[in-house]
Amino acid sequence: MPEEYIMYNEKVMEVFKNPQHMGEVENYNAIGTVGNEVCGDIMQITMRIEDGIIKDAKFKTFGCAAAVASSSTATGMIIGKTIEEALKLTNKQVIEELQGLPPQKIHCSVLAEDAIRLAIDNYLQNQNAAK
Ligand code: FES
C-alpha cells in the first residue's frame, strides 16, 4: 500500500518528524544492520557499550515513517540500559511506546528489535575475539 494511504497516529507522526538519536555514535563498538526483504528498507544501529551498559545508541534508517519512528523510540529506550535489559526489548514494547502502529506496519518495528540484537551480538563477538 502506498505510504500516503497509511494513517499513523499523532505520536508516530510526532516522533517521525522529530526523530531523536539519529546518526552514528562516535567511536561505536557495536553495530547492527538489518534489511527487510519485502520493502527493501534498511536500518543500522550503532552503540557505545561500556561495562555492559549502553552509553549511547544512534540509528540510520532508510525506510518508512514507521521504521524511523520505531528506531528513534527503540534507541531512546535502550540508552542507559544493560545489554541484558536491551536484549529483552521487543517490538511490542516499541509499538506500545508509539501508542500503536497500523497492522501493515508492524514488521517495520521488528527491524529495530533485530538491529539492536545484531549490534549487541557484534559487540559480544568482538569482546570474545579480543580475549
Ligand atoms: Fe519497510 Fe516500513 S515499509 S520498514
Side-chain angles (χ1 to χ4, degrees):
M1 188 183 282
E3 189 78 359
E4 58 269 29
Y5 296 122
I6 290 172
M7 291 296 293
Y8 291 111
N9 67 34
E10 271 177 40
K11 173 83 181 180
V12 174
M13 287 313 291
E14 184 191 303
V15 180
F16 171 60
K17 287 182 190 157
N18 302 295
Q20 306 290 308
H21 319 295
M22 209 154 63
E24 191 175 281
V25 173
E26 223 175 282
N27 295 323
Y28 66 81
N29 56 3
I31 182 165
T33 308
V34 286
N36 182 302
E37 286 171 14
V38 180
C39 62
D41 292 345
I42 296 170
M43 185 184 296
Q44 182 177 78
I45 289 189
T46 49
M47 300 176 194
R48 180 80 209 161
I49 301 174
E50 282 169 26
D51 300 325
I53 310 276
I54 298 168
K55 296 285 184 187
D56 200 4
K58 287 191 176 164
F59 75 93
K60 282 185 190 167
T61 293
F62 304 97
C64 68
V68 172
S70 297
S71 28
S72 172
T73 302
T75 43
M77 287 169 87
I78 58 165
I79 293 172
K81 297 271 164 64
T82 63
I83 295 176
E84 292 77 18
E85 287 166 334
L87 283 171
K88 286 189 195 137
L89 182 80
T90 64
N91 75 308
K92 284 204 182 82
Q93 290 167 296
V94 174
I95 293 170
E96 265 168 39
E97 193 69 21
L98 287 169
Q99 296 165 13
L101 277 177
Q104 67 272 43
K105 288 283 160 181
I106 302 292
H107 73 272
C108 317
S109 63
V110 178
L111 277 184
E113 184 188 318
D114 288 349
I116 288 170
R117 296 233 161 104
L118 273 182
I120 293 175
D121 272 1
N122 167 254
Y123 169 77
L124 294 174
Q125 274 172 19
N126 289 341
Q127 292 289 103
N128 285 337
K131 275 181 194 166

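Order of listing sets the numbers, starting from 1, for every ligand and every atom in it. All of these numbers come straight from a predicted model, not from anything done at the bench.
Judged by distance alone, with hydrogens and angles left aside, the side-chain atoms of Asn122 form a donor-acceptor pair with the main-chain N or O of Ile31 at under 3.5 Å. Put simply, the side chain of Asn36 never gets that close to the backbone of His107: no donor and acceptor are under 3.5 Å apart. Proximity of a side-chain donor or acceptor of Ser72 to a complementary backbone N or O of Ala69 within less than 3.5 Å is not detected. Panel note: side chain Asp51, backbone Ile53; no donor-acceptor pair is recorded below 3.5 Å.
Within the structure, no pair that satisfies the salt bridge (Lys or Arg N to Asp or Glu O under 4.0 Å) test touches residues 71-98, not counting sequence neighbours.
For the pair Asp41/Thr61, no side-chain contact is recorded, criterion being any heavy-atom separation below 4.5 Å from C-beta on.
Within the listing of ligand 1, atoms 4 (S) sit less than 4.0 angstrom from a heavy atom of Ala67. Near Leu111, meaning under 4.0 Å from any of its heavy atoms, are these atoms of ligand 1: 4 (S). Remark: ligand 1 atoms within the under-4.0 Å shell around heavy atoms of Cys64 are 2 (Fe), 3 (S), 4 (S).
Only the side chain of Lys105 comes within 4.0 Å of ligand 1, counting heavy atoms alone; its backbone N, CA, C and O stay farther away. Neither the backbone nor the side chain of Val38 has any atom closer than 4.0 Å to an atom of ligand 1 (non-hydrogen atoms only).
Residue contacts with ligand 1 leave out Asn36, since none of its heavy atoms falls under 4.0 Å from the ligand. Taking 4.0 Å as the cut-off, His107 counts as a neighbour of ligand 1 on heavy-atom distance. Within the structure, the closest approach of Cys108 to ligand 1 falls below 4.0 Å when heavy atoms are considered.
Here atom 1 (Fe) of ligand 1 is the vertex; the SG atom in Cys39 and the OD2 atom in Asp41 give an angle of 100° (to 10°).
Every residue was checked against the side-chain hydrogen bond (donor to acceptor under 3.5 Å, both in side chains) condition with Glu14, not counting sequence neighbours, and none meets it.
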